[in-house]
Protein chains: 2
Amino acid sequence: MVRKKTTLMMLKESERETRKKLIIESSIFLFAKKSFDTVSMRDIAMVAGISPASIYRYFEDKDELFVEAFSYKAEEICGNLEKMFDENKNMTLADIAVNFVDYLFEHDSFFQMMTHFMTSGTIKDISLERFNETERYLLDLFDKYFKKMGVTQNLRLLSHAFFAALNGVMITFSRYPGRDKEEIRRHINRLAALLADVFSCVV
Amino acid sequence: MVRKKTTLMMLKESERETRKKLIIESSIFLFAKKSFDTVSMRDIAMVAGISPASIYRYFEDKDELFVEAFSYKAEEICGNLEKMFDENKNMTLADIAVNFVDYLFEHDSFFQMMTHFMTSGTIKDISLERFNETERYLLDLFDKYFKKMGVTQNLRLLSHAFFAALNGVMITFSRYPGRDKEEIRRHINRLAALLADVFSCVV
DNA sequence: TGTACATCAGTGAACGCGCGTTCACTGATGTAC
DNA sequence: TGTACATCAGTGAACGCGCGTTCACTGATGTAC
């Protein structure tokens, strides 16, 4: 009896999780193309195929949904990046850089959401803390690489600079008008490789 | 007679220009702190001390006002940067980098507006063209410097990378939470200097 | 097994608001004779 | 110089809309006896 009850409850719980994921994934789909302010709850509901009111059964408000969506995507992205870096033990810095920007370029929802955190100026401190966790995670990845290369001085500062530089390439050129996607990808990759070359001088 | 008429017309014209500047400067004041979507025409009117309807005597719509405001600020910023670079003939790359980010940091309306162009995704092509002009102008400044330093290969690519890297530093760290303005400035300057050091290797 | 009641996810419709923008008007200034 | 008319910058109030969010309800499912 108790067993059955638990099973049912677990079923319900997993159904609930599935619905929640559906909403999150719908919002990520939209946040990839448009900014936080230009994506509406009605848009998200429509993509998810539910009513706007339903979203509020799962999330407090739009802000919370955004943060949850970011965290969800961040976990996936960070995990994959770490795996990518770990699996190829003898990657050059250029490999790292190009893989990093290329992966972000391909999964542009994550990057778009990240820039919202960095530029909005109207985000609650608690949400920013969640974002910073992710940022620190990515910086740690770079730290790990530079350490392996024997860097001892200014390790974190170097990671900051490298991370920021790659971000800058993404932001400055990933929406360059009048070029098609493949041209942009090539340009971004070339710039990432160049940055890595330049950084290799001091490593 | 004709002379007097012309004078009066010129007076009127200059009054009109003054009002227009007032509106532009009010909008710049607001766009410095908040994003395009979160600044309203009523906000701008209030700062300018006029009625919202008046803005439409000077600008077609909010988009046009934004582009005009950006161009206005861009002219000032670019002019000053060029002068700064030209007046100090023997600046190191680190001087250039630090002055660049520090100046942008101090005039953050320009940078905030620039990132809107780079990240929004909902801007008309004609407006983007205006923005690109400014971007090219800044890239030309870096080109000039690298050329002077004897770079011949991949000149434009190097400028792209350097410009993007400095942008990245600004975007990634200029709104870092929990640090005061001076701490942020110091961090940004240090990163800019580090990037310059790194780039100096290949120059 | 059948019946009466409880729960709760889902939702259509509405609320209240602030937005970009327009309209119809005012009143100061300029022009003509 | 005085008067009648034209111009036009400026604006308060309104329009229509879409937003985030809430409410009151439905109807499917679970529970108790």
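Values reported hereafter were calculated over all heavy atoms of this structure, with side chains retained and with hydrogens, waters and symmetry mates removed. Quick note on labels: first sequence line is chain A, next is B, and so on, each numbered from 1. Treat the numbers as computed from the prediction; the structure is a model and nothing was measured.
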What string of B, S and - do you get for nucleotides 11-24 of chain D, 5' to 3', when a contact is any protein heavy atom under 4.0 Å?
BB-B----BBBBB-
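Using a 4.0 Å heavy-atom criterion, one finds that A/Phe59 contacts no nucleic acid atom at all.
The line from NZ of B/Lys144 to CD of B/Glu82 is 4.0 Å long, rounded to the nearest 0.5 Å.
For A/Lys181, the NZ atom sits in a packed shell: over 12 heavy atoms of surrounding residues, nucleotides or ligands are nearer than 6.0 Å.
Spacing between atom CD of B/Glu15 and atom C1' of C/dA28 amounts to 12 Å, rounded to whole angstrom units.
Using a 4.0 Å cut-off between charged nitrogen and carboxylate oxygen, A/Glu15 and A/Lys20 do not count as a salt-bridge pair. The pair B/Asp140-B/Lys147 does not count as a salt bridge, with every side-chain nitrogen at least 4.0 angstrom from each carboxylate oxygen. Between A/Arg136 and A/Glu133, no side-chain nitrogen of the basic residue sits less than 4.0 Å from a carboxylate oxygen of the acidic one, so the salt-bridge criterion is not met.
Partners of B/Asn99 under the side-chain hydrogen bond (donor to acceptor under 3.5 Å, both in side chains) rule, at least two apart in sequence or in another chain, do not exist in this structure.
Ring pair B/Phe85/B/Phe100: centre-to-centre distance not below 6.0 Å. A distance below 6.0 Å separates the ring centres of B/Phe162 and B/Phe146.
Stem regions for DNA chain D, each three or more consecutive Watson-Crick or G-U pairs with both distances under 3.5 Å and listed by first number, read C:2-33 with D:2-33.
Checking the phosphate oxygens (OP1, OP2) of C/dA9, no side-chain nitrogen or oxygen of A/Tyr58 falls inside 4.0 Å.
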